[in-house]
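So the structure is just underneath, and the comments pick up after that.
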Amino acid sequence: MEYYTDADGDGYGAGDVLPPPAVGVHNNLDCDDTNPEVHPYAVEVENGIDDNCDGITDELF
Ligand SMILES: [Ca+2]
Ligand SMILES: [Ca+2]
Ligand SMILES: [Ca+2]
């Protein structure tokens, strides 16, 4: 299993694979690893950002 950095601590990683013995999370699904409110299972809200990482901003509004 490879590890990725989870800088914002939301459980979703981003960026490059970490070299051992570094540990992180087992996915790189986060499209904004500086914002714990943004990850693939976040609820899209009308705020001008892509909260749920589907590539579309505010698609429900
Ligand atoms: Ca995030
Ligand atoms: Ca979205
Ligand atoms: Ca949004």
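Throughout, residue positions are numbered sequentially from 1 according to the sequence presented. Whatever order the structure lists them in is the order used to number ligands and atoms, beginning at 1. When reading the values below, keep in mind they use all heavy atoms of this one structure, side chains included, and skip hydrogens, waters and symmetry mates.
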Handout entry: Glu59/Asn52 under side chain to side chain contact (heavy atoms under 4.5 Å, CB included): CA gap, chis, key distance, verdict
Key = CA-CA 10 Å; Glu59 66 269 24; Asn52 60 1; 3.1 Å; yes
Problem - Protein N/O/S neighbour count - the Ca ion (ligand 2), strictly under 3.0 Å - result: 7
Exercise for the section: Taking Asp58 for its side chain and Gly48 for its backbone only, find out whether a donor-acceptor pair lies under 3.5 Å. Expected result: yes
Handout entry: Aromatic plane relationship, Tyr12 with Tyr41 - under 30° parallel, 30 to 60° tilted, over 60° perpendicular
Key = tilted
Practice task
Evaluate the side-chain proximity of His39 to Asp8: yes if any heavy-atom separation is below 4.5 Å, no if none is.
Solution key: no
Practice task
Report yes if the side chains of Asn47 and Thr57 come closer than 4.5 Å at any heavy-atom pair, otherwise no.
Solution key: no
Practice task
Would you check if Tyr4 and Val17 make a side-chain contact, meaning some heavy-atom pair closer than 4.5 Å?
Solution key: yes
Handout entry: Cluster link Leu60 to Val43, ILVMFWY, side chain under 4.5 Å
Key = no
Handout entry: Distance below 3.0 Å from the Ca ion (ligand 1): protein N/O/S atoms
Key = Asp8 OD2, Asp10 OD2, Asp30 OD1, Asp30 OD2, Asp32 O, Asn35 O, Val38 O
Practice task
Specify whether an N/O/S atom of Phe61 falls short of 3.0 Å from the Ca ion (ligand 3).
Solution key: no
Exercise for the section: Could you walk me through whether Ile49 and Val38 pass the side chain to side chain contact (heavy atoms under 4.5 Å, CB included) test, one step at a time? Expected result: CA-CA 9 Å; Ile49 62 174; Val38 174; 3.8 Å; yes
Exercise for the section: Kindly say whether Gly11 contributes a backbone atom to a donor-acceptor pair with the side chain of Asn27 at under 3.5 angstrom? Expected result: yes
Handout entry: the Ca ion (ligand 3) reached by Ile49 (N, O or S, under 3.0 Å)
Key = yes
Exercise for the section: For the residue pair Asp6 and Asp33, establish whether any side-chain heavy-atom pair is separated by less than 4.5 Å. Expected result: yes
